[in-house]
Amino acid sequence: MKRVDLENSVQINDGLTQTSSDSVNLAFDTKYGIMFAVYMPGPQGHYGESRGRISLTYFPASQPHNSKTVTVSSGNTEYVPNIISLGDGKVRVLYEKNSRDNGDHPMCYRDYDYLTDTLSEESIVMLKRDDGSIVGFTESEQFDYLEKNGYHDHRYWATEQIAIGSHTIFKGDDGCHYGAVTSLYSEAILYRSRDNMATLEFFAIYPKPAQYEFDYKFLNGKIYAIYRTDRDEDSISFVSSDDMGKSWTEPVNFKGSIQCRPRLIIYNNHVVMAYNYFNADTGHRPFVQQGRTSLRICYGENKDPHDNIVIADLHSKYGIVNVCLIDIMNDLYLAYSTSVLALEYHNGNTAVRGKDAIRYIKLGDLIPE
């Protein structure tokens, strides 16, 4: 097991006006060696106040100090961005609109070309229904799909957000992009896209409520998934499916895990999972923050995830929140939000609940010897 202290990581925003209240996702352009990071900037330390802006920072993967930042969107209620590489120096940034308003929340996207420093006009993500009709993808379409498939319990359906950014979009062997869309305490809907996320098709439902975070990948024809529940302790669960989401194993909770954004990738032909866990060395911090300084990365094929090999144990006194992991030629790269002020969060003071800076590090080859 490799122990990593993240103090040598690089801050890729200024940590003040360009802080992140939530979300960071990465994409890599193999032709030019450029890493792209997308996130929501906002006032330092504040929770949820960054909705309304989407930022894109890009840099050579090996030179994160040499970065530039572009404002993708600066409306009123943009939320949870995600990103895919289109190749040739172009990326597609996706985000939700109107997340603070009642009613439908359309998904939108813009394409950025770093060779010409240009942004496309905003477009609406479309949805191909089961009957073949094409409509704009909105919250109503998400809930209609759940209703048609027998999910009628509205207790778990949020009216303020849908989340396309709480997972890592990935490309399957069939050339399609895959991901999940969730809503607070709702079932996760799995989708595919045949046109670079311009149009989505729903194909499966994970049947248990999740805390809007559900990450999954394919390995040898099987789906492996990790997600967050609504509990503070032991809040990260692991499941799998042998039949493309028609049936699922019973979830297994990670002992000592803490609610945050868990991630799952395929690395060295293994399922690799990353999740925060409680660390007794955090001192007298508030309960929910005692797991925000430690991150465990482990293999995940075993039925009981506690039997899996831990390949890295990551620590930072500045916080590790909302991580994103990607694999580039067997080297792992990590981006995450710090939470210096949030680590001292007390008595419901929302002014200090937020995340602070976005940081980035190359973890390298973590294949056990």
Side-chain angles (χ1 to χ4, degrees), residues 2 4-44 50 53-74 78 81-95 109-120 165 168-169 263 265 267 274 295 312 314 316-340 355-366:
K2 182 177 182 180
V4 181
D5 289 315
L6 296 177
E7 275 60 44
N8 291 324
S9 60
V10 174
Q11 189 167 302
I12 63 172
N13 56 4
D14 66 20
L16 294 171
T17 60
Q18 288 284 323
T19 64
S20 177
S21 156
D22 209 352
S23 184
V24 55
N25 280 297
L26 297 174
F28 181 69
D29 187 285
T30 56
K31 183 175 182 179
Y32 295 101
I34 298 295
M35 187 75 77
F36 296 87
V38 65
Y39 54 93
M40 298 183 296
Q44 185 180 33
S50 66
R53 295 173 62 197
I54 304 295
S55 287
L56 173 72
T57 295
Y58 61 97
F59 46 86
S62 60
Q63 302 174 37
H65 288 103
N66 184 19
S67 66
K68 294 184 179 180
T69 299
V70 176
T71 297
V72 174
S73 185
S74 56
E78 281 77 350
N82 217 325
I83 188 170
I84 60 171
S85 175
L86 301 175
D88 291 324
K90 300 181 182 69
V91 289
R92 178 159 291 176
V93 179
L94 302 106
Y95 49 94
Y109 65 90
R110 298 184 74 181
D111 296 341
Y112 179 72
D113 185 335
Y114 100 95
L115 295 176
T116 60
D117 190 22
T118 55
L119 270 170
S120 70
T168 307
I169 299 171
R263 295 293 192 180
I265 67 170
Y267 175 62
L295 184 78
L314 278 54
S316 173
K317 62 183 179 182
Y318 303 112
I320 309 172
V321 188
N322 294 344
V323 303
C324 182
L325 274 173
I326 63 172
D327 171 22
I328 303 173
M329 295 178 288
N330 278 342
D331 283 327
L332 286 176
Y333 291 78
L334 171 75
Y336 62 98
S337 299
T338 62
S339 56
V340 178
K355 288 74 178 177
D356 300 309
I358 299 293
R359 299 190 70 88
Y360 164 91
I361 191 171
K362 177 182 177 180
L363 297 175
D365 185 346
L366 295 184

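In this structure the side chain of Leu6 never reaches within 4.5 angstrom of the side chain of Tyr318, judged on heavy atoms. Within the 4.5 Å cutoff, no side-chain heavy atoms of His65 are placed close to those of Phe59. Here the side chains of Met40 and Ile54 are in contact, with some heavy-atom distance below 4.5 Å. With contacts defined as side-chain heavy-atom distances shorter than 4.5 Å, the pair Val4/Leu334 does not qualify. Residues Leu325 and Val323 fail the side-chain proximity criterion, which asks for heavy atoms closer than 4.5 Å. You'll find the side chain of Ser316 reaches within 4.5 Å of the side chain of Glu7, heavy atoms only. Side chains of Arg110 and Val93 form no contact here, defined as non-hydrogen atoms less than 4.5 Å apart. Side-chain contact check for Lys68 versus Asp117: every heavy-atom pair is 4.5 Å or farther apart.
For Tyr333 and Phe28, the gap between ring centers reaches or exceeds 6.0 Å.
Asp29 places a side-chain N or O within donor-acceptor distance of the main-chain N or O of Gly89, the cut-off being under 3.5 Å. Counting only distance, with no hydrogens or angles, the side chain of Asp327 and the backbone of Leu332 share no donor-acceptor pair below 3.5 Å. At least one donor-acceptor pair closer than 3.5 Å links the side chain of Asn25 to the backbone N or O of Gly165. A donor-acceptor contact shorter than 3.5 Å links the side chain of Lys2 to the backbone of Leu363.
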Any chance you could lay out the side chain to side chain donor-acceptor pair (under 3.5 Å) test for Tyr336 and Ser9, step after step, and finish with the verdict? CA-CA 10 Å; Tyr336 62 98; Ser9 60; 2.9 Å; yes
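The number of heavy atoms from other shown groups lying within 6.0 Å of OH (Tyr267) is above 12.
Across Cys324 and Val24, no two heavy atoms sit closer than the pair CB-O, 3.5 Å. The minimum heavy-atom distance between Ser85 and Ala27, with the atom names listed, is N-CB, 4.0 Å.
Between Tyr112 and Tyr58, the side chains place a donor N or O and an acceptor N or O closer than 3.5 Å (distance only, hydrogens not considered). A side-chain donor from one of Thr168 and Arg263 sits under 3.5 Å from a side-chain acceptor of the other.
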